[in-house]
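Input: a single structure, listed below in structure tokens.
Model, not experiment: these values are computed from the prediction.
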Amino acid sequence: MNLRRWNVRHVESVLAAAPDFAPFPRSDSSELEALKAGLGAEALPRLLADAELDAVAEIPALPARLYHEFRETGRREGYEDAQRDRRNMLYRLVMAEWLEAKGRFVPAIEDLTWARLEETNWAWPAHARDLDHPDRPTVDLAAAMTALDMAELDYLVGDRLAPNLRARLRAEVERRVVGPFLNRSDHWWLHTTPDKQVSNWTAVCVAGAVGAALYLETDVSRLAAIITRGLHSLADYLETFDRQGGSSEGPDYWTYGFGNYAVLAHLLYQRTGGAIDLLAGEFVRDIALFPVRTMLAPGVWASFSDSDSNPVFHPSLLTLLARHLHLPELLGLGMGNDFTVAGFNQFIWPLRQFAWPLPENPEPVRLARHDWYDEMGWMISRLEPDDPASLRLAAKGGHNDEMHNQNDVGAFMVVAGGKVVLTDPGRGRYSKSYFGPERYGNLMASSRGHSVPVVNGHEQAAGRAHAARVLHHSHGDDADRLELEMAAAYPAEAGLERLERRITFDRSVRGGRVLLEDSFAFAAGDGEFQSVLVTPLAVSAGNGTVEIGQSGAGVRVDYDAAGLAVTLDRHEQVEKQYQPAVDLTRVLFTPRQQGREGRVALEISPLG
């Protein structure tokens, strides 16, 4: 799908011929009554009860000192949490008024909407760093999301709001987001450049700006220019995916970035009468299947990059994609309808949760035995796809300048009994240092937090040149194999001449096993080499055997005790983002004799 083929004149002609824009049912319509009837007996009464409490609650304060906390301490939760509370209060009130249509929530909606319009910044402190100058607003994720929030609020209940509030709403959306999106080219997320690749930001910011304009912009020529600019940006976003639809940002950021892409796709489809369909084509269909192909076991996904092993995919996103692309397997990923309207940063998701809930009791997804993304070098293997307790493996090659990069070339995960035993720990706590020069001092982002070697005391280095080369990949009835040359992932000071990692998912033995072999050679003289396994579970080491986890949800690691020494490096309460802190143990296998070259072989089998 070539989004760059669209030009302003072409888009303008499509808009002129399009039907009325009605992406959601209006209050008191038969369509809305049918929607409400499909929610079940509990969802609407609970929403109304929560909204009644919101209507009399104090609006959380957002003083300047709270905004400056990030600049002064590096912590972002204080402002973001209070802002999120504001949002969720408003989301519940708007949803309640839309569905009930009695006017009793309008005063509280107006108060909260005024408060949000009066915020000095819509952008988060971590992105703007300081309070904006009125003539130079920061257009980040939060600002773009807020613009679409305001536009959808206006669509759903605007006819009940004071005219001066609606006028101010339009003025602020234009000043803060739509105007800067159309008229400025200094947004780093707008296009890929030689210095910076776009990421999920592009999809989220474009969806916010263009989506808001679809609702609010009345000048068809200007709207066509806004849409065209957005389509050209999204063309760059689509180029971040592997040719088989994979994203190096991982499943968590698939639901964020591609989720916003899909939301805009629906709005554009509705606004243009189907003439612009961002979800058309096999490539986008492959992208939509990414959470199916990266699922290891029920509730467990590959957690490479700043992604966690237990992401939540918005039910309405899965419903939208399943319907539009005829992909019923997306309905069976184990997600459930949740109508509590809490913890969101965007109105798009609670609104669409009520509009497009998942069907009850969908068929569980049927996984393949093997999935492979060749450009990213991701291999995912499952022993018995229909047995959720059977052995699973996810391994990657890649490079160390990926989106939301972690230094993790050659990393892998092992799942046994449906539990992550050998982990990629996912994302650390999002702080100033985590996205600054100190990022790779953080265990989560550095190669120390991954099951990859340490060479002469050196970790992997950041940068596109620090990459793996896939030497071999194969899938067969007896085994899946991935072989990588990954010496380039380490700095020159590590002294490597060669480092070949071979990961074999062996199906030929009962219960399966993973064979890990690291073969290395130093450029000059002897060197120290350590193969490392990382786990969040309990570890016990014996003579020739390391046991991790417990029977039925653990692994046994067999190794040559005569040739290898085993040590444990424990890290307690490592902070994560949106997750409880974790305890991690690094299991280090070190050759007893240093040499110019050598080999470390480990056999990883389920604990029965």
Side-chain angles (χ1 to χ4, degrees), residues 242 244-248 250-251 286 289-305 307 309 329 333 364-398 408-424 450-452 468 470-484 486 500-518 533-535 548-549 553-558 601-608:
D242 176 284
Q244 288 137 329
S247 172
S248 66
D286 285 341
L289 285 169
F290 185 59
V292 174
R293 294 174 178 167
T294 54
M295 185 177 179
L296 294 170
V300 181
W301 275 263
S303 58
F304 301 134
S305 186
S307 191
S309 62
E329 52 265 58
L333 290 178
V365 63
R366 295 184 65 84
L367 302 176
R369 300 185 85 196
H370 171 266
D371 283 285
W372 168 246
Y373 290 99
D374 64 348
E375 286 182 298
M376 300 192 304
W378 286 26
M379 183 178 80
I380 296 172
S381 302
R382 308 169 185 92
L383 184 66
E384 298 293 344
D386 294 334
D387 177 5
S390 68
L391 191 67
R392 313 290 166 97
L393 167 73
K396 74 179 293 288
D408 60 354
V409 167
F412 66 99
M413 300 172 60
V414 173
V415 175
K419 193 176 186 68
V420 177
V421 181
L422 300 181
T423 187
D424 183 302
H450 299 81
S451 296
V452 298
V470 176
L471 302 175
H472 173 78
H473 164 259
S474 62
H475 164 59
D477 291 339
D478 291 337
D480 299 337
R481 294 182 174 86
L482 177 61
E483 298 181 12
L484 305 170
M486 48 189 284
E500 294 181 7
R501 166 158 281 196
R502 298 178 181 88
I503 303 175
T504 302
F505 189 81
D506 184 4
R507 296 187 175 91
S508 66
V509 298
R510 182 178 177 84
R513 61 181 177 174
V514 175
L515 304 176
L516 177 69
E517 180 180 324
D518 289 330
L533 303 179
V534 180
T535 180
I548 302 173
V555 298
R556 185 187 72 247
V557 183
D558 294 314
L602 306 176
E603 180 179 323
I604 303 166
S605 307
L607 274 175

Just so I know, are the side chains of [X] and [Y] near enough to count as touching, which here means a heavy-atom distance under 4.5 Å?
X    : Y    : answer
R392 : V414 : no
E500 : L484 : no
V292 : L333 : yes
D558 : L602 : no
L607 : V555 : no
D424 : F412 : no
L289 : E329 : yes
I548 : V557 : yes

Could you state the interatomic distance from [atom1] ([X]) to [atom2] ([Y]), rounded to the nearest 0.5 Å?
X    : Y    : atom1 : atom2 : result
D477 : S508 : CG    : OG    : 11.5 Å
D242 : F290 : CG    : CZ    : 8.5 Å
L296 : L367 : CG    : CG    : 9.0 Å
D371 : T294 : CG    : OG1   : 8.5 Å
R481 : L515 : CZ    : CG    : 8.5 Å
Y373 : M379 : OH    : CE    : 14.0 Å

| message | In this structure, is the centre-to-centre distance between the rings of H473 and W372 below 6.0 Å? | response |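 Distance test on ring centres: under 6.0 Å, yes.
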
Which atom pair, heavy atoms only, marks the closest approach of [X] to [Y]?
X    : Y    : value
A368 : R382 : O-NH1, 2.8 Å
S307 : G250 : OG-C, 3.8 Å
S451 : V534 : OG-N, 2.9 Å
D408 : S305 : OD2-N, 3.9 Å
S303 : S309 : CB-N, 3.4 Å
S381 : H370 : OG-CD2, 4.1 Å

| field | side chain to side chain contact (heavy atoms under 4.5 Å, CB included) between L391 and V514, intermediate numbers included | value | CA-CA 9 Å; L391 191 67; V514 175; 4.2 Å; yes

Listing, residues 415-422 side-chain donor-acceptor contacts under 3.5 Å, not counting sequence neighbours, or none:
none

| What residues form a side chain to side chain contact (heavy atoms under 4.5 Å, CB included) with D286, not counting sequence neighbours? |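 Once residues adjacent in sequence are excluded, the partners of D286 under the side chain to side chain contact (heavy atoms under 4.5 Å, CB included) criterion are R293.
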
| message | Between V365 and M295, does the side chain to side chain contact (heavy atoms under 4.5 Å, CB included) criterion hold? Intermediate values first, please. | response | CA-CA 10 Å; V365 63; M295 185 177 179; 3.7 Å; yes

| message | Taking salt bridge (charged side-chain N to carboxylate O under 4.0 Å, His left out) as the cut-off, I'd like each qualifying pair that reaches into residues 507-517, sequence neighbours left out, listed once. | response | D480-R507, R502-E517, D506-R513, R513-E603, E517-R599

| K396/L482 under side chain to side chain contact (heavy atoms under 4.5 Å, CB included): CA gap, chis, key distance, verdict | CA-CA 9 Å; K396 74 179 293 288; L482 177 61; over 6 Å; no

| request: Dump the intermediate steps for side chain to side chain contact (heavy atoms under 4.5 Å, CB included) on F505 and I604, then the final yes or no. | output: CA-CA 10 Å; F505 189 81; I604 303 166; over 6 Å; no

